[in-house]
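Contents: one structure, followed by commentary.
Within every chain, numbering begins at 1; the chains are lettered A, B, ... in the order of the sequence lines, protein sequences first and strands thereafter. What you see is a predicted model, and the numbers here were worked out from it, not measured in a lab.
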Amino acid sequence: MSTEEKSLNFIEQIIEEDIKNGLSKNKLRFRFPPEPNGYLHIGHASAICLNFGLGIDYNAPVNLRFDDTNPSKEEQEYVDAIKRDVQWLGFQWEKECYASDYFQQLYDWAVELIKKGKAYVDNQSSEEMAKQKGTPTQPGIDSPNRNRSIEENLELFTRMKNGEFPNGSYVLRAKIDMASPNMLMRDPIMYRIMHEHHHRTGNNWCIYPMYDWAHGESDYLEQISHSLCTLEFLPHRELYDWFLNQIYKTDLVRPKQREFARRNLSHTVVSKRKLLQLVEEKHVTGWDDPRMSTISGLRRRGYTPASIRNFAKTIGIAKRTNLIDVSLLEFCIREDLNKTAPRVMAVLDPVKLVITNYPEGQEEWLDAENNPEEETLTYRKVPFSKELFIEREDFKEEADKKFFRLTLGTEVRLKNAYIIKGESVVKDSNGNITEIHCTYDVDSKSGSGTEASKRKVKGTIHWVSTQHALEAEVRIYDRLFTHEMPDGNKEIDFKEYINPNSLKVITGYVEPSLTTAKNLDHFQFQRLGYFCVDKDSSVEKLVFNKTVGLRDTWAKISEQ
RNA sequence: UGGUCUAUGGUGUAAUGGUAACACUACGGUUUUUGGUGCCGUCUUUCUAGGUUCGAGUCCUAGUAGACCAACCA
């Protein structure tokens with residue numbers, strides 16, 4: 001751990017307490033246990049960063065464990081995607097594990113439980129069992145099969161395993177307490193019959209363990225010291241401990257489940273079921289569509305691993321219900337990109353600017369700083385000529401005191417180039433401006449050191465040379481979802497939530513220096529925001545995804 | 001109507017019985033070859049009522065509010 005003073009979150013305090021009470025530091029071990037039934041999303045970032053962060057801080061191993069106990073929802077594609085995303089976030093796991101690795105051991109332990117009279121086979125319908133289970137306010141009643149003989153249970157369980165019964169006909173239940181105030185303790189199901197192909201064990205099994213009869217046991221087998229999960233699993237803890245009691249042998253580390261609050265992000269849906277629906281109904285192009293809240297979507301949108309890690313660190317770990325404002329996530333990516341992204345010039349809504357006193361046919365290659373925020377300045381060359389594109393918003397015919405950019409009769413600097421003065425406009429028959437004519441001050445070249453170059457002018461605008469600029473496709477994404485509190489259970493009518501303008505594709509012009517830009521390279525288009533290169537195979541030309549805007553100021557101004 | 005968890009500014013998180021703080025947001029100033037960045041500042045905080053204590057955001061009791069629990073999901 002770092003020597004500088006750092007306040008511990010409550011999970012770290014629990015660990016410190018355990019160490020104080022005699023848990024050896026080299027027995028610490030953590031795990032990140034996703035179910036491979038979808039892609040990782042921003043909501044997983046907290047759990048990933050917490051577990052892997054603890055591993056780094058305590059120099060302890062962290063396993064990546066796939067909780068693959070339900071073959072009807074799980075796929076190899078998701079396993080691969082999860083591994084890719086965890087690595088991309090910058091973390092390394094000690095071992096790659098699967099709950100399915102433990103199916104035989106779990107089965108053997110289940111047989112032991114039956115022999116001890118702690119589990120029984122039930123052949124009622126799920127409706128009947130649900131009825132007997134009672135409600136949170138009313139105790140349940142015992143199943144008529146609860147006192148089936150051990151021999152019969154053993155025989156039925158073997159036949160379940162051997163595939164003699166159809167789906168849903170039999171289950172194995174733990175014999176605990178049908179009157180417990182905790183619903184999960186009312187004889188929970190340990191195994192169900194599923195004649196289903198499993199992405200790893202194939203058709204070896206037709207009975208599959210439930211989450212509760214797999215998770216703690218997997219933790220135990222891997223000797224996980226602290227099993228951290230979200231708060232909705234808190235009622236499971238009693239069962240987690242009950243199952244562990246049945247199999248626990250002294251001398252080994254006994255895993256401890258502790259819970260923290262899941263993070264909710266405003267304006268964002270992170271329910272895997274809904275993300276899957278968006279993909280399947282083709283509201284988006286895939287799990288990595290830049291509008292998705294998935295890790296891979298954020299990556300393609302231009303978010304960096306560091307920004308997501310820093311976001312997770314900033315929101316912290318606690319137990320209360322929360323709704324984090326997306327502006328914090330946006331701050332994190334701006335903060336990171338500001339340090340690293342080269343500044344380049346791009347014009348997304350072009351209008352032609354003609355410098356009337358610039359020699360016809362002349363061109364100059366001017367020096368431009370890449371990122372003034374970086375410690376060592378680097379430069380590139382940008383071409384300048386008589387005809388340029390500038391942003392339509394950067395010119396107004398009539399001067400307004402608060403308008404800092406080009407108007408008729410006033411001077412502005414062309415970034416990295418010369419000071420110009422607006423002279424006249426050319427309009428089409430509808431009164432739309434088609435060209436702006438200006439004159440330039442020959443002695444005012446940026447960095448030339450002349451008196452003229454040091455003159456203060458009202459503003460600075462960006463530009464590209466019409467004959468040199470590259471045409472680029474620029475994709476601007478808006479927030480897909482507009483509601484405040486994501487409700488995990490409510491059905492969603494996506495028509496209500498998907499912003500029809502969530503993707504705007506426009507043609508812009510960028511500096512020729514961007515020809516060599518690689519996939520996912522990010523840039524700050526000056527005054528326009530941060531963008532990243534997306535080498536989508538289906539599109540030939542240069543494509544940029546908008547990552548995030550600069551502060552809202554410019555958006556506000558351009559609205560007026 | 002049962003059980004469990006939680007409650008600190010608009011948002012998130014600290015303060016571990018001893019001066020309520022940090023970040024985001026919003027707003028303002030300043031610097032600036034982009035109104036961005038940087039720097040400086042302002043606004044706003046301990047759910048309520050009792051109790052313990054020299055002293056309570058912190059401990060106790062009650063209330064209130066929110067969350068979770070009745071899948072052969074995880």
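- Across all strands, A:Gln13 comes closer than 4.0 Å to base atoms (heavy-atom distances).
- In this model, a donor atom of one side chain and an acceptor atom of the other lie less than 3.5 Å apart for A:Arg148 and A:Asn123.
- A:Thr69 comes within contact range of the sugar-phosphate backbone alone, with a heavy-atom separation under 4.0 Å but no base atom that close.
- Distance from the side chain of A:Asp67 is smallest to B:A74 among B:A74, B:A14, B:G35.
- Using a cut-off of 4.0 Å between Lys/Arg side-chain N and Asp/Glu carboxylate O, A:Lys133 and A:Asp187 are scored as not salt-bridged.
- Of the P atoms belonging to B:G18 and B:U58, the separation is 11 Å, rounded to the nearest Å.
- B:G36 and B:A26: their P atoms are spaced 12 Å apart (whole Å).
- Among B:G35, B:G12, B:A74, the nucleotide with an atom closest to any side-chain atom of A:Arg527 is B:G35.
- Closest to the A:Ser126 side chain, of the nucleotides B:C68, B:C72, B:A14, is B:C72.
- B:U4 and B:C43 are spaced 43 Å apart, taking the P atom of each and rounding to whole Å.
- The distance between atom CD1 of A:Ile324 and atom P of B:G9, rounded to the nearest whole Å, is 15 Å.
- Of the C1' atoms belonging to B:A14 and B:G2, the separation is 35 Å, rounded to the nearest Å.
- A distance of about 39 Å separates the C1' atoms of B:U48 and B:C40, rounded to the whole Å.
- Listed for the A:Arg192 side chain is a donor-acceptor partner under 3.5 Å among the backbone atoms of A:Pro209.
- Nucleic acid contact class of A:Lys313 (heavy atoms, under 4.0 Å, all strands): none.
- Checking B:U37, B:G2, B:G35 against the side-chain heavy atoms of A:Pro136 singles out B:G2 as nearest.
- Not one side-chain nitrogen or oxygen of A:Lys454 sits closer than 4.0 Å to the OP1 or OP2 atom of B:U33.
- Between A:Arg405 atom CZ and B:U33 atom P the separation is 17 Å, expressed in whole Å.
- Between A:Phe544 and A:Phe531, the angle of the ring planes goes over 60°, which puts this pair in the perpendicular group of the 30/60° scheme.
- Heavy atoms of A:Gln124 sit under 4.0 angstrom from at least one base atom.
- Contact annotation: A:Arg192 side-chain N/O to B:C73 OP1/OP2 distance is under 4.0 Å.
- For the pair A:Lys161 and A:Trp205, the cation-pi test (distance below 6.0 Å, angle within 45°) is passed.
- Proximity note for A:Thr135 (side chain, C-beta onward) versus B:A70, B:C72, B:U37: the nearest is B:A70.
- Distance from the side chain of A:Asn9 is smallest for B:A14 among the nucleotides B:U4, B:A14, B:C73.
- Here the side chain of A:Thr137 is nearest to one of B:C24, B:G2, B:G36, namely B:G2.
- Here the rule is side chain to side chain contact (heavy atoms under 4.5 Å, CB included) with A:His462, and of A:Arg343, A:Met345, A:Glu511 only A:Met345 fits it.
- Close to B:U34, at under 4.0 Å from its OP1 or OP2, lies a side-chain N or O of A:Lys415.
- For the C1' atom pair drawn from B:U45 and B:U32, the interatomic distance equals 35 Å after rounding to whole Å.
- Within residues 173-188 of chain A, the residues having any heavy atom closer than 4.0 Å to RNA chain B are, in order of number, A:Pro181, A:Met183.
- RNA chain B lies under 4.0 Å from at least one heavy atom of each of the following residues of residues 32-51 of chain A: A:Glu35.
- Note on A:Gly168: a base of the nucleic acid sits closer than 4.0 angstrom, heavy atoms only.
- Ion pair A:Lys272/A:Glu35 not flagged as a salt bridge, since none of the NZ, NE, NH1 or NH2 atoms sits closer than 4.0 Å to an Asp/Glu carboxylate oxygen.
- A straight line from NZ of A:Lys133 to P of B:A71 spans 6 Å, rounded to a whole angstrom.
- Across all strands shown, nothing is found opposite B:U37 as a Watson-Crick or G-U wobble partner with both distances under 3.5 Å.
- Taking 3.5 Å as the limit, the base of B:U33 and the side chain of A:Ser446 contain a donor-acceptor pair of atoms between them.
- Look at A:Arg258 and you won't find any side-chain N or O under 4.0 angstrom from OP1 or OP2 of B:C5.
- A:Glu391 places a side-chain N or O within 3.5 Å of a backbone atom of A:Asp349 that can act as its donor or acceptor partner.
- Counting non-hydrogen atoms under 4.0 angstrom, A:Phe404 reaches a base of the nucleic acid.
- Comparing the C1' positions of B:A65 and B:C59 gives an interatomic distance of 22 Å, to the nearest angstrom.
- Under a 4.0 Å N-O distance rule, the pair A:Glu222/A:Arg31 does not qualify as a salt bridge.
- Dense packing is recorded around NZ of A:Lys175, with more than 12 heavy atoms of other residues, nucleotides or ligands lying under 6.0 Å away.
- Remark: B:A70 base-pairs with no nucleotide in the shown strands. Criterion, Watson-Crick or G-U wobble with two distances under 3.5 Å.
- The pairing partner recorded for B:G12 is B:C22, the criterion being a Watson-Crick or G-U wobble arrangement whose two distances lie under 3.5 angstrom.
- The residue among A:Leu231 and A:Gly447 whose nearest nucleotide of RNA chain B is located toward the 5' end is A:Leu231.
- Pair assignment for B:C43: none, as no Watson-Crick or G-U wobble contacts are both less than 3.5 Å.
- Looking only at distances, no side-chain donor or acceptor of A:Glu217 sits under 3.5 Å from a matching main-chain atom of A:Trp213.
- For a distance-only test at 3.5 Å, the side chain of A:Glu373 qualifies as a donor-acceptor partner of the base of B:G36.
- Taken from CD1 in A:Ile308 to CG in A:Leu298, the straight-line distance is 5.0 Å, to the nearest 0.5 Å.
- Taking only side-chain atoms of A:Arg551, from C-beta outward, the nucleotide of B:C24, B:G12, B:G36 with the closest atom is B:G36.
- Using a 4.0 Å heavy-atom criterion, one finds that A:Ile461 contacts the bases of the nucleic acid, with or without backbone contacts as well.
- If you measure from atom CD of A:Glu12 to atom P of B:U13, you get 15 Å, rounded to the nearest angstrom.
- Between A:Lys456 atom NZ and A:Glu411 atom CD the span is 14.0 Å, to the nearest 0.5 Å.
- B:U61 is paired with B:A49 under the criterion used here, namely a Watson-Crick or G-U wobble arrangement in which both key atom distances are under 3.5 Å.
- The residue A:Lys272 sits apart from the nucleic acid: no heavy atom pair falls under 4.0 Å.
- Residue side chain A:Glu369 does not reach the base of B:U33 through any donor-acceptor N/O pair under 3.5 Å, judged by distance alone.
- You'll find that the side chain of A:Met129 is closest to B:C72, out of B:A74, B:U32, B:C72.
- A:Arg413 contributes a side-chain N or O that, together with a main-chain N or O of A:Ser453, makes up a donor-acceptor pair within less than 3.5 Å.
- Mapping A:Leu234 and A:Asn167 onto RNA chain B by nearest heavy atom places A:Leu234 closer to the 5' end of the strand.
- Comparing B:U1, B:A74, B:C68 against the side chain of A:Phe233 picks out B:A74 as the nearest.
- Nucleic acid contact class of A:Asn416 (heavy atoms, under 4.0 Å, all strands): base.
- As judged by a 4.0 angstrom heavy-atom cut-off over every strand, A:His215 is placed among residues making no nucleic acid contact.
- Separation of the P atoms belonging to B:U6 and B:U42 is 35 Å when rounded to the nearest angstrom.
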